[in-house]
Amino acid sequence: MKYSANVLLTALVLLSGLATILFLSQDKLLHQEAMTQAYYGDYLKSLNEIHQEKEAQEKSRPNKDVICNQKQTEKIEIRKKHLQYLFQCVEVNLFKDKTKLPTKKHLLLDEIEDNLNIDEFSAYILQLDSLDKLPKNTDDKPYIIKFTREIENGILPHSFYGLIITEHPFNLNVTRDKIYGLVISAQALDSTTDRSVTRNRNVISTLSQLYQHWYYVPNSQRIVGYAEP
């Protein structure tokens, strides 16, 4: 009987220990499951938020256009809680190929479409009817000027830095002052006007930097990653 009692006691101890282990294991599993469900719930919540935000931003494209203009880069990555997503931007420059800026000081109007996105920046063009109104500026602040009337035997009031466009005759007398940049006209420049125009690499480069717009590429936003909290 004493032997049976010992066996029974040992069995009860073993069963008790096994029950404790099973209980602790189950509690740990339940805790892990709860944590997993919590993370998954956060993920679904963030996923839902990001899709709602994406839908809202797709409907309000100007918001992303603003961001693109601020960042001025082709890819923008943003983190929203546990999610990371990116969208793409595209640049529209005054010069259609800013890696190959004009190497000449004069272009014909027929060449403007192949070289410049002039309509994109029409709001920045200052329209003048005489040389007397030509604004003073420097090579780091070039302007875009369009003359609305012909200029015959014109005399520059001072040197000018930037881009001049005209559909009318444009003839200058030679003085110490010059146009530094680019002239676009309907006709070739005569010899005296040609001597009054000098291509300035810095002016052309600055025009390219100043006159650029960045736009959001529609439907380019996508989720690229998920980070645990």
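Residues: numbered from 1 along the sequence shown.
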Can you check whether [X] reaches [Y] side chain to side chain, under 4.5 Å on heavy atoms?
X	Y	value
N115	F95	no
E77	Q84	yes
V203	R201	no
C89	K75	no
I155	T175	yes
N117	L94	no
I184	L108	no
V183	K105	no

Is it true that [X] and [Y] fall in one hydrophobic cluster, defined by side-chain heavy atoms closer than 4.5 Å?
X	Y	result
L126	L163	no
V217	L86	no
L189	L156	yes
L207	I112	yes
L116	F121	yes

I'd like to know whether [atom1] of [X] has more than 12 heavy-atom contacts from other residues, nucleotides or ligands below 6.0 angstrom.
X	atom1	answer
E74	CD	no
E113	CD	no
K96	NZ	yes
D97	CG	yes

Shortest non-hydrogen contact between [X] and [Y], atoms and distance:
X	Y	result
L210	P142	CD1-CD, 3.8 Å
P102	L182	CG-CD2, 4.4 Å
I151	L172	CG2-CD2, 4.2 Å
R149	H168	N-CD2, 3.6 Å
V174	R195	CG2-NH2, 3.7 Å
I78	F87	CD1-CE2, 3.8 Å

Side chains of [X] and [Y], donor plus acceptor under 3.5 Å:
X	Y	value
D132	S130	no
T193	D190	yes
Q221	K64	yes
N93	Q212	no

As an exercise, state the distance from [atom1] of [X] to [atom2] of [Y], rounded to the nearest 0.5 Å.
X	Y	atom1	atom2	answer
Y143	L128	OH	CG	11.0 Å
I179	I164	CD1	CD1	3.5 Å
I118	Y211	CD1	OH	9.5 Å
N69	H213	CG	NE2	6.5 Å
T192	N173	OG1	CG	6.5 Å
I204	Q209	CD1	CD	12.0 Å

Y215 vs V92, side chain to side chain contact (heavy atoms under 4.5 Å, CB included): CA-CA, chis, key distance, verdict: CA-CA 8 Å; Y215 295 103; V92 178; 3.9 Å; yes

What verdict does the side chain to side chain contact (heavy atoms under 4.5 Å, CB included) test give for S185 and L109, after you've listed the backbone C-alpha separation in whole Å, the side-chain angles of each residue and the deciding distance to 0.1 Å? CA-CA 5 Å; S185 62; L109 280 175; 5.8 Å; no

Begin from the C-alpha positions of R199 and K104 and carry the test side chain to side chain contact (heavy atoms under 4.5 Å, CB included) through to its verdict. CA-CA 7 Å; R199 181 187 180 274; K104 299 185 293 184; 5.9 Å; no

Residue that, paired with D177, satisfies side-chain contact (heavy atoms from CB on, under 4.5 Å) out of S159, S196, P157: S159

Sorted by first residue and then second, give each ring pair (Phe, Tyr, Trp, His ring centres under 6.0 Å) pair with at least one member in residues 144-165; sequence neighbours left out. F147-F170, Y161-Y180

